[in-house]
Amino acid sequence: MNTNILRMTDLDLAGKRVLIREDLNVPMRDGSISSDARLRAALPTLRTALDAGATVTVMSHLGRPVEGEFKQEYSLAPIADYLASALDRPVAFSEDWSAAPAPGQLTVMENVRFNPGEKANDDELAQRYARACDIFVMDAFGTAHRAQASTHGVARHAPLACAGPLLVAELDALKQALSAPRRPLVAIVGGSKVSTKLTVLETLADIADQIIVGGGIANTFLAASGLPVGKSLCENDLVPAAQALMQKTSIPLPTDVVTGKEFSEAAEAVTRAATDVAEDDMIFDIGPATRDQIAKLLQGAGTILWNGPVGVFEFDQFAGGTEALSRAIAASDAFSVAGGGDTLAAIDKYGIAEKVSYISTGGGAFLEYVEGKSLPAVAILEERAAGQAPAG
Ligand code: 3PG
Ligand code: MG
């Protein structure tokens, strides 16, 4: 990663009030945590700070509540409970930014997005956060693309601002995959729409040796090659963009697909040649021949960058492509980096986490990094390290 950033691991934290911004924004169902991947990723940072003798306060957002309006479903209370049991120590839960925690205590603050001014990066709110610490640690890679009071403003005002170990590891892994990748670099971009991934596809067209497209995105590329897509999700207005991308780099298209007549768990799955998709068909997965072709490609890859499933893998009859892809990535010797919520769900479903070189906690942040955009919450750490005194 950028070496011009102060790191938490370079600082003496003993006896210091350390405020850590994590991304504890995990999917919740009926008040319980449905995937704890992001929480597990944050634990080593918290342990390190506590073991170093710091008084640790953790802050995060959860979901997108309306500022100033408390709603139980967005409360971080269940997450504080999770941390207490995972770390096997008492955790205080608080909404009061002016309270002084006991030395050595671990405190989880209530959802920062309940605080008016959080999203607008309000300076007064940022100063309130900053006053609560001697050292601010930005560790929330998943939220590093947001310039908000708890990710950016606080870093301007804190006496010291540094990067936490998780953020450092994320930036290191992405840098390894993107700046001098072992070739060939194969990128997999799946998901539903080209429109949300157009910028990342354009960037990847310049740096990747091959791009594998999957999911709804692949349909737009099939249409751009003159193939029938029936009633599949397809963004016709982006056909010219897809054609331009195919001119720039190698984007192998599915030769066979799995179709259904309706988007449902009960839909019958039919495998067809990509040339034989009927008018009332919807493409929900890549077919077996395409899976083999992709597996071969990945076998020879030096680096794999993976974002997005290649089919509707939440329905078993359309999960074969994403499963085959997962297994091919697991089997490959390439340096592999995966990111994005659906991608993590697929990794969990097929149990391949140990076989992926690095699993990013970022979704939007992962994509923005790959797009070559500067992440504001990282940029401010660089500014601070460049010697700017804290503002205000
Ligand atoms: C995410 O899950 O994408 C991050 O936690 C950021 O959340 P946001 O998209 O609501 O800012
Ligand atoms: Mg997001």
- [ ] Answer with yes or no whether the hydrophobic clustering places Ile359 together with Leu305; edges join I, L, V, M, F, W, Y residues whose side-chain heavy atoms lie under 4.5 Å apart.
- [x] no

Open item on the list: Within this structure, what is the NZ-NE2 distance for the pair Lys119 and His61, rounded to the nearest 0.5 Å?
Closed with: 10.0 Å

Open item on the list: Checking the side chain of Ser332 only, and the main-chain atoms of Ala334 only, is there a donor and an acceptor separated by less than 3.5 Å?
Closed with: yes

TODO: Indicate, with yes or no, if the rings of Phe335 and Tyr358 have centres closer together than 6.0 Å.
DONE: no

TODO: Could you tell me whether Arg327 and Glu323 have a side-chain N and a carboxylate O separated by less than 4.0 Å?
DONE: yes

TODO: Supply the atom-to-atom distance Lys355 NZ to Ser336 OG, rounded to the nearest 0.5 angstrom.
DONE: 11.0 Å

TODO: State the CZ-CZ distance between Phe313 and Phe284, to the nearest 0.5 angstrom.
DONE: 15.0 Å

Task: Side chain proximity check, Leu298 to Ile212, heavy atoms < 4.5 angstrom - done: yes

Open item on the list: Is it the case that the side chain of Thr322 and the backbone of Ala319 share a donor-acceptor pair, with hydrogens and angles ignored and the cut-off at 3.5 Å?
Closed with: no

- [ ] For the residue pair Gln176 and Asp172, confirm or rule out a side-chain donor-acceptor distance under 3.5 Å.
- [x] no

- [ ] Verify the distance criterion only: is there a donor paired with an acceptor across the side chains of Thr203 and Glu371 at less than 3.5 Å?
- [x] no

Open item on the list: Regarding Gln105 and Thr107, do their side chains bring together a donor and an acceptor under 3.5 Å, going by distance alone?
Closed with: yes

- [ ] Please determine, by modelled atom types, if His157 and Arg128 share a side-chain donor-acceptor pair under 3.5 angstrom.
- [x] no

Open item on the list: I need the Ile5 CD1 to Leu171 CG distance, nearest 0.5 Å.
Closed with: 6.5 Å

Open item on the list: Between Ser94 and Asp96, do the side chains contain a donor N or O and an acceptor N or O under 3.5 Å apart?
Closed with: no

Task: Carboxylate-amine/guanidinium proximity below 4.0 Å for Arg272 and Asp281 - done: yes

- [ ] Give the cluster check for Met8 versus Leu106: same hydrophobic cluster or not, with ILVMFWY residues linked at side-chain heavy-atom distances below 4.5 Å.
- [x] yes

TODO: Would you tell me whether Asn121 and His152 have side-chain atoms, one donor and one acceptor, within less than 3.5 Å of each other?
DONE: yes

Task: Donor-acceptor pair, side chain of Glu368 and main chain of Leu375, under 3.5 angstrom - done: no

TODO: Using modelled atom types only, decide if a donor and an acceptor are shared between the side chain of Asp256 and the backbone of Thr290 within a distance under 3.5 Å.
DONE: yes

TODO: Answer yes if the side chains of Thr55 and Arg17 hold a donor-acceptor pair under 3.5 Å, and no otherwise.
DONE: no

Open item on the list: Could you check whether any side-chain N or O of Ser232 sits under 3.5 Å from a backbone N or O of Cys234, counting only pairs where one atom can act as donor and the other as acceptor?
Closed with: no

Task: Asp36/Arg40 salt bridge by N-O under 4.0 Å criterion - done: yes

TODO: Give a yes or no on whether the backbone of Ala377 and the side-chain of Thr151 come within a donor-acceptor separation of less than 3.5 Å.
DONE: no

Task: Heavy-atom donor-acceptor pair, Arg131 side chain to Ser98 backbone, under 3.5 Å - done: no

- [ ] Kindly state whether the ring of Phe136 and the ring of Tyr129 have centres lying under 6.0 angstrom apart.
- [x] no

Open item on the list: Would you say that Phe114 contacts Tyr74 through its side chain, given a criterion of any heavy-atom pair below 4.5 Å between the two side chains?
Closed with: yes

Task: salt_bridge(Lys248, Asp206) N-O dist < 4.0 Å - done: yes

TODO: Hey, could you give me the NZ/CD1 distance between Lys197 and Ile211, rounded to the nearest 0.5 Å?
DONE: 12.5 Å

- [ ] Would you mind reporting whether Trp306 and Leu325 have side-chain heavy atoms less than 4.5 Å apart?
- [x] yes

- [ ] Answer yes or no: is there a donor N or O on one side and an acceptor on the other, between the side chain of Asp139 and the main chain of Leu167, under 3.5 Å?
- [x] yes

TODO: First locate atom OG of Ser150, then atom CG of Leu19, and finally report the distance between them rounded to the nearest 0.5 Å.
DONE: 9.0 Å

Task: Asp280 and Lys261, any side-chain heavy atoms less than 4.5 Å apart - done: yes

Open item on the list: Ignoring hydrogens and geometry beyond distance, is a side-chain donor-acceptor pair present between Arg113 and Gln148 at under 3.5 Å?
Closed with: yes

Task: Arg291 vs Asp285 side-chain heavy atoms within contact, under 4.5 Å - done: yes

Open item on the list: Hydrogens and angles aside, do Ser75 and Glu110 bring a side-chain donor and acceptor to less than 3.5 Å of each other?
Closed with: yes

Open item on the list: Can a donor-acceptor pair be found, under 3.5 Å and without considering hydrogens, that links the side chain of Thr249 to the backbone of Leu245?
Closed with: no

Open item on the list: Taking Lys231's backbone N and O only, do any of them form a donor-acceptor pair with Glu279's side chain (distance below 3.5 Å, no angle check)?
Closed with: no

